[in-house]
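A short worksheet on the structure shown next.
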Amino acid sequence: MADKVLTVCPYCGSGCQLHLLVDKGQVIGAEPANGRTNEGTLCLKGHYGWDFLNDPQILTARLRKPMIRKNGVMEEVEWNEAIQYTAERLSAIKEKYGPDSIMGTGSARGPGNEANYVMQKFMRAVIGTNNIDHCARVCHGPSVAGLTYSLGDGAMSNSIPEIEHSDLIFVFGYNAPETHPIVARRIVAAKQRGAKIIVCDPRMTETGRISDMWLPLKGGSNMALVNAFGHVLVHEGLYDKRYVEANTEGFAEYVDSIKKYTPEYAEGITGVKAADIRAAMREYAKAPTATILYGMGVCQFSQAVDVVKGLASLALLTGNLGKPNVGIGPVRGQNNVQGSCDMGALPNVYPGYQDVIDTAVRKKFEKAWGVELPRKKGYSLTEVPHLILKENKLKAYYIFGEDPVQSDPNAAELREALEQLEFVVVQDIFMNKTALHADVILPSTSWGEHDGVYSSADRGFQRIRKAVEPQGDVKPDWAIISEVATAMGYPMSYANTEEIWDEMRSLCRLFAGASYQKMEEQGGVQWPCPTEDHPGTPYLYKGNQFSTPSGKGRLFACEWRPPQEQPDAKFPLVLSTVREVGHYSVRTMTGNCRALRQLSDEPGFIQISPEDGADLNILDGEIVAISSRRGRIMARAQISDRVQQGATYMTYHWWVGACNELTADFLDPVSKTPELKYCAIRLERIADQAQAERDVHESYQKIRRQMNVQEAVLADKVTR
């Protein structure tokens, strides 16, 4: 009979607990556990996403041995050589160019909070720079910046279980059934309890299908619509006057900013009927409790931080904060995006969201870590190509658990930047596109092979547990980083992850009471948890005490700005990146799970409207060519009546149909998050479909050979 190991799913930020079934040292299945957020249910990835632990090499191979590039070729070496070489190269670059010439990443994709704490400590205490960032920069960076400004905390205000008890759920730019199926269950349960559902999305999603009202706004018009919502609340007297007077600031400035955004004016920008704008806000305002949920349809625009502040203002205007079953929820896409932010894997804050330019905070960390720390904010992840190619400021890049060549915009420019660097370290569990540019590869253990803590999207710390012994010569991420630090002259040694965790929480009042023991006893702990006798905090701002400097919520509105790249005669369509339910992130994990791979495969799909399909004479399922001002790829057409004419959608999981060859790197000026939801493209029919299928197959196999997948496996796998 198989052993059961309780852990947390490594995919989305829902934080579902599950049991891994282990027989003879190998994972053979997964079963749902009765976790706080999932309560005995799992989605597809939860049920079948464990298979990559067995290294089936369907897509790419697990990294099993350290490697160093010698004479242009990656060669396996022993750990001592890899650690010493990495330490010497980083030390030499730091000595020659200064500590700010080195960039590092955290990782939200499996290593856990402890590894991220150690990595940011390494960059700050050993390298001597705040140049530490991670993939939150390309997703929920605007949530951290916007919600911190408006409310004081860059996280969900309430808990995932509360969603189904809300009287109205306002979904903006968020497709829960694809990204967070367990959250989607909560939305359905709320609907069954009688809740109203309002959805703002250019595309008809599954949530839109069950909604009471769908507002199909034009891509890139978010701020204009949010301003119009505020206009209705204020000018129709629907806002909670007492609440606003007692608990907010900036009302007069807010009213002035939204003055011209009448529903009729906004209709001309957004395409949403003025009557529907009014109806939506009337429903939102009268609901006894209302919850806003949003996702990448808000965050991945160059005006994202403004829109997050605007959405928070809607909750403030109506008093939907500081109590159960209300609030605003940025539902984190990856399993530990929230945790990597919590641990300070960001260029502007230490663990616990403590500002790096605050003298008292810095001195506290200097005392704890025994070194002088840098005094200025670091660089953001999305600035890296520009800093290398245009400003020549970065010389080395330590990439930990990220695959930016696959996940970040304008992939060609990023590849060029990596090639120009003097030294690239990749620390990961699988070969990937970024690792092809590495000078050193450091193989680490995976989820299921180590212990630690994840933070769910609703601020919940939960234990992850080791289920099986890792195969090959690999080490936990925190141990690898500690060894590099020690080799660079800063001794760093921990006995286990709990020791790391205890050091972290001793420096962070927000997390101080969230011990391993408390997580074991309660099943998890939601921060803030400031003391040992504190149970954690299901919802924030009780008593309407906000974490802003004044203790009040800040209202905000500003002018709408259109996306920075617009379609024209040469590139007449608009592309938005999206996700799909069966795959995750850069696909090295889910692509190596047999069951999940059966759902879809290369070259991926591009969703287009029936009208655009007819205009271009493209049939459903055909291979098409897609180009932008940055690149050209192929994908399979998916004709969908969910899509409006002129708009197209692609997932970023694929190698051949890699949509980030097309996307633009225009950034939000505050969060530095790229505008992945809007770029101009051209779609072309390929006359010779048989040759197109062969081209896709050959491209796929070429990439897989680069990843060193066995030829026997290659011969057995073909694309659709």
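Below, each value reflects all heavy atoms present in this structure, side chains not excepted, and no hydrogens, waters or symmetry copies.
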Worksheet item: Between Lys309 and Tyr149, is NZ or CZ placed under 6.0 angstrom from the six-membered ring centre and within 45° of the ring axis?
Response: yes
Discussion item. Could you measure the distance from the CG atom of Leu215 to the CD1 atom of Ile198? Nearest 0.5 Å is fine.
Written reply: 7.0 Å
Fill in: Check: Thr270 side chain, Ser221 main-chain N or O, donor-acceptor pair, under 3.5 Å
no
Item to complete: Could you tell me whether Asp167 and Arg193 make a salt bridge, using a distance below 4.0 angstrom between a side-chain N and a carboxylate O?
Response: no
Practice prompt. Determine yes or no for a side-chain-to-main-chain donor-acceptor pair under 3.5 angstrom, with Lys677 supplying the side chain and Gly220 the backbone.
Written response: no
Discussion item. Would you say CZ of Arg509 has more than 12 non-hydrogen atoms from neighbouring residues, nucleotides or ligands within 6.0 angstrom?
Written reply: no
Side chains of residues 317-327: which donor-acceptor pairs under 3.5 Å do they make with residues two or more places apart or in other chains?
| from | atom 1 | to | atom 2 | distance (Å) |
| --- | --- | --- | --- | --- |
| Thr318 | OG1 | Leu314 | O | 2.9 |
| Thr318 | OG1 | Ala315 | O | 3.3 |
| Thr318 | OG1 | Asn320 | ND2 | 2.8 |
| Asn320 | OD1 | Ala290 | N | 3.1 |

Fill in: Glu675 versus Gln300, side-chain donor and acceptor atoms under 3.5 Å
no
Fill in: Ring-face cation contact, Tyr239 with Lys241, 6.0 Å cut, 45° max
yes
Worksheet item: Considering residues, nucleotides and ligands other than Lys672, do more than 12 of their heavy atoms fall under 6.0 Å from its NZ?
Response: yes
Practice prompt. Hey, could you give me the CG/OH distance between Leu44 and Tyr11, rounded to the nearest 0.5 Å?
Written response: 11.5 Å
Practice prompt. Please test Arg459 against Asp153 for salt bridge (charged side-chain N to carboxylate O under 4.0 Å, His left out), starting from the C-alpha separation and ending with a verdict.
Written response: CA-CA 11 Å; Arg459 299 170 284 104; Asp153 297 284; over 6 Å; no
Worksheet item: When the ring planes of Tyr353 and Trp527 are compared, do they come out parallel, tilted or perpendicular, using 30° and 60° as the limits?
Response: tilted
Worksheet item: Hey, mind stepping through Ser456 and Gln338 against side-chain hydrogen bond (donor to acceptor under 3.5 Å, both in side chains) and telling me if it holds?
Response: CA-CA 7 Å; Ser456 60; Gln338 184 65 56; over 6 Å; no
Discussion item. Distance check, rounded to the nearest 0.5 Å: Ile464 atom CD1 versus Asn335 atom CG?
Written reply: 8.0 Å
Fill in: From NZ (Lys518) to CZ (Arg463), nearest 0.5 Å
15.0 Å
Item to complete: Would you please test Arg505 and Glu532 for salt bridge (charged side-chain N to carboxylate O under 4.0 Å, His left out) and show each step?
Response: CA-CA 11 Å; Arg505 65 192 183 98; Glu532 293 289 350; 3.0 Å; yes
Worksheet item: Under 6.0 Å from the six-membered ring centre of Tyr649 and within 45° of its axis: does the NZ or CZ of Arg203 meet both?
Response: yes
Discussion item. Closer than 4.0 angstrom, basic N to acidic O: yes or no for Arg332 and Asp458?
Written reply: no
Worksheet item: Using a distance-only test with no angle check, is there a side-chain donor-acceptor pair under 3.5 angstrom linking Ser600 and Glu580?
Response: yes
Worksheet entry | N-O pairing of Asp408 and Arg137 below 4.0 Å | no
Practice prompt. Output, in order, the C-alpha distance, side-chain angles, deciding distance and verdict of salt bridge (charged side-chain N to carboxylate O under 4.0 Å, His left out) for Arg186 and Glu39.
Written response: CA-CA 11 Å; Arg186 299 284 185 180; Glu39 296 179 333; 3.4 Å; yes
Under 3.5 Å, which donor-acceptor pairs link side chains of residues 170-177 to any protein atom two or more places apart or in another chain?
| from | atom 1 | to | atom 2 | distance (Å) |
| --- | --- | --- | --- | --- |
| Tyr174 | OH | His180 | ND1 | 3.0 |

Fill in: Distance, nearest 0.5 Å, that separates CG of Asn227 from OH of Tyr265
9.5 Å
Worksheet item: Where do Lys273 and Glu267 land on the salt bridge (charged side-chain N to carboxylate O under 4.0 Å, His left out) test, with the steps shown first?
Response: CA-CA 6 Å; Lys273 294 178 181 178; Glu267 180 177 345; over 6 Å; no
Worksheet item: Going by the angle between their ring planes, with limits at 30° and 60°, are His583 and His653 parallel, tilted or perpendicular?
Response: tilted
Worksheet item: What distance separates Asn348 CG from Ser380 OG, expressed to the nearest 0.5 Å?
Response: 7.5 Å
